[in-house]
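Next up is a structure, given as structure tokens.
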Amino acid sequence: DPTELRWYGRAEVMYQAIKNFLYIREVDIITTLHPCLALLLPILEGPQARTIQTPLKRTKMDEVFAILLNSLYLESKIEIRKAYSFHIRRYIELLNIFVVRHMKLLLDALFSCLELPDYSGEETRLNALTALTALISYAWPRIPLHKSKINRVLLKLVSDLCPSNTEVPDKAEIRVQLIQVVQCFVLLARCCHDQKGIYVQLLNGCDHSGLADCLQHTLKQLE
């Protein structure tokens with residue numbers, strides 16, 4: 001029972017027992033550890049831990065998320081980066097609007113994933129894109145401050161995924177990523193009111209088939 005875990009301090013004991021595993025760079029441990037923490041931390045911190053009355057109080061959730069982001073940002077091994085990136089979206093959902101405390105490092109970590117291919121199904125990029133859609137959804141009041149950089153990174157990603165100006169690749173992993181790019185564009189347009197006009201201008205002067213396809217799907221969803 002979550003309440004009993006808090007009353008008798010068992011949740012705290014469990015957290016102290018496993019938190020040092022956050023610094024171990026092994027895929028199996030990363031894969032097992034973060035789902036456990038995602039279940040434990042809301043119990044440990046209680047239902048009142050993240051109210052608007054205490055917006056500056058950093059919590060263990062903040063501590064864990066910051067460690068995860070730093071680990072992802074500094075990691076060079078593809079398989080470990082993939083393991084870290086898989087868990088970012090869940091923490092964004094748990095932090096909700098309070099994820100804005102981590103905005104700079106979070107964007108830096110996500111952009112680092114999007115800028116480099118992982119050559120193994122592109123799972124790291126896809127994880128970063130799904131995390132970015134969650135970030136835009138939960139932290140939408142702050143997104144206008146970062147929209148230019150987000151747009152640049154997404155446009156470069158489309159260019160990387162579609163190296164030919166005249167055709168869109170048929171590979172499933174590329175198609176899935178392009179769908180997520182469209183979702184990011186749509187969400188950006190819904191929280192930044194000038195974005196739709198920018199996309200129309202880009203489409204009118206676009207001679208890149210991959211980008212044109214993404215922009216057409218974006219504008220269709222915004223109708």
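The shown structure was predicted, so the numbers you read here are calculated from the model rather than taken from an experiment.
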Who pairs with Gln221 by side chain to side chain contact (heavy atoms under 4.5 Å, CB included), at least two apart in sequence or on another chain? Val182, Gln183, Val186
Of all residues at least two apart in sequence or in a different chain, which pass the side chain to side chain contact (heavy atoms under 4.5 Å, CB included) check with Pro117? Tyr119, Glu122, Arg125
What I want to check is whether the side chains of Glu12 and Gln16 have a donor and an acceptor closer together than 3.5 Å. yes
Can you name the residues that form a side chain to side chain donor-acceptor pair (under 3.5 Å) with Glu93, not counting sequence neighbours?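 Counting only residues at least two positions away or on another chain, Glu93 forms a side chain to side chain donor-acceptor pair (under 3.5 Å) with Arg89, Arg90.
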Ser137 OG to Ile97 CD1 distance, which is reported to the nearest 0.5 Å: 11.0 Å
Listing, residues 20-30 side-chain donor-acceptor contacts under 3.5 Å, not counting sequence neighbours, or none:
unit_1: Arg25; atom_1: NE; unit_2: Glu75; atom_2: OE1; d: 2.7
unit_1: Arg25; atom_1: NH2; unit_2: Glu75; atom_2: OE1; d: 3.2
unit_1: Arg25; atom_1: NH2; unit_2: Glu75; atom_2: OE2; d: 3.0

With clusters defined by side-chain heavy atoms of hydrophobic residues (ILVMFWY) lying less than 4.5 Å apart, directly or transitively, does Leu126 cluster with Leu116? no
Pairwise side-chain hydrogen bond (donor to acceptor under 3.5 Å, both in side chains) hits with a residue in residues 30-43, at least two apart: His34-Tyr91
Residues forming a side chain to side chain contact (heavy atoms under 4.5 Å, CB included) with Lys149, sequence neighbours excluded: Phe111, Arg152, Val153
Check whether Arg101 reaches the backbone of Arg58 with its side chain - one donor and one acceptor, N or O, closer than 3.5 Å. no
Among the clusters formed by ILVMFWY side chains lying less than 4.5 Å apart, do Leu94 and Leu39 turn up in the same one?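 Per the 4.5 Å side-chain linkage, Leu94 and Leu39 are not co-clustered.
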Straight-line distance of Leu215 CG to Ile198 CD1, nearest 0.5 Å: 11.5 Å
Find the distance between CD1 (Ile92) and CG (Leu132) and round it off to the nearest 0.5 Å. 8.0 Å
Checking Val168 now: which residues fulfil side chain to side chain contact (heavy atoms under 4.5 Å, CB included) with it, not counting sequence neighbours?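 Residues passing side chain to side chain contact (heavy atoms under 4.5 Å, CB included) with Val168: Cys162, Arg175, Leu178, Ser209, Asp213.
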With sequence neighbours excluded, give me every ring-ring contact (aromatic ring centres under 6.0 Å, His included) pair touching residues 195-223. Phe185-Tyr199
Can any side-chain N or O of Gln177 pair as donor or acceptor with the backbone N or O of Glu173 at less than 3.5 Å? yes
Pairs satisfying ring-ring contact (aromatic ring centres under 6.0 Å, His included), at least one member in residues 145-172, at least two apart: none
side-chain hydrogen bond (donor to acceptor under 3.5 Å, both in side chains): which pairs involve residues 102-111, sequence neighbours left out?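 Listed by first then second residue: Asp62-His102, Lys104-Asp108.
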Within this structure, what is the OG1-CG distance for the pair Thr130 and Leu135, rounded to the nearest 0.5 Å?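 Rounded to the nearest 0.5 Å, the OG1-CG separation comes out at 11.5 Å.
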Would Tyr15 and Glu63 count as a side-chain hydrogen bond (donor to acceptor under 3.5 Å, both in side chains) if you check the C-alpha gap in whole Å, the side-chain angles of each, and the deciding distance to 0.1 Å? CA-CA 12 Å; Tyr15 174 72; Glu63 177 186 6; 3.0 Å; yes
Got a donor-acceptor contact below 3.5 angstrom from the Asp118 side chain to the Glu123 backbone? yes
Gap separating the CD1 atom of Ile143 from the CD1 atom of Ile150, nearest 0.5 angstrom: 4.5 Å
Quick one: list whatever passes side chain to side chain donor-acceptor pair (under 3.5 Å) with Ser76, sequence neighbours left out.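 Counting only residues at least two positions away or on another chain, Ser76 forms no side chain to side chain donor-acceptor pair (under 3.5 Å).
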Those residues at least two apart in sequence (or on a different chain) that pass side chain to side chain donor-acceptor pair (under 3.5 Å) with Glu115 are none
Using only atom types and a distance under 3.5 Å, with no angle test, would you say the side chain of Ser159 pairs donor to acceptor with the backbone of Leu155?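 Pair absent, no side-chain N/O of Ser159 close to backbone of Leu155.
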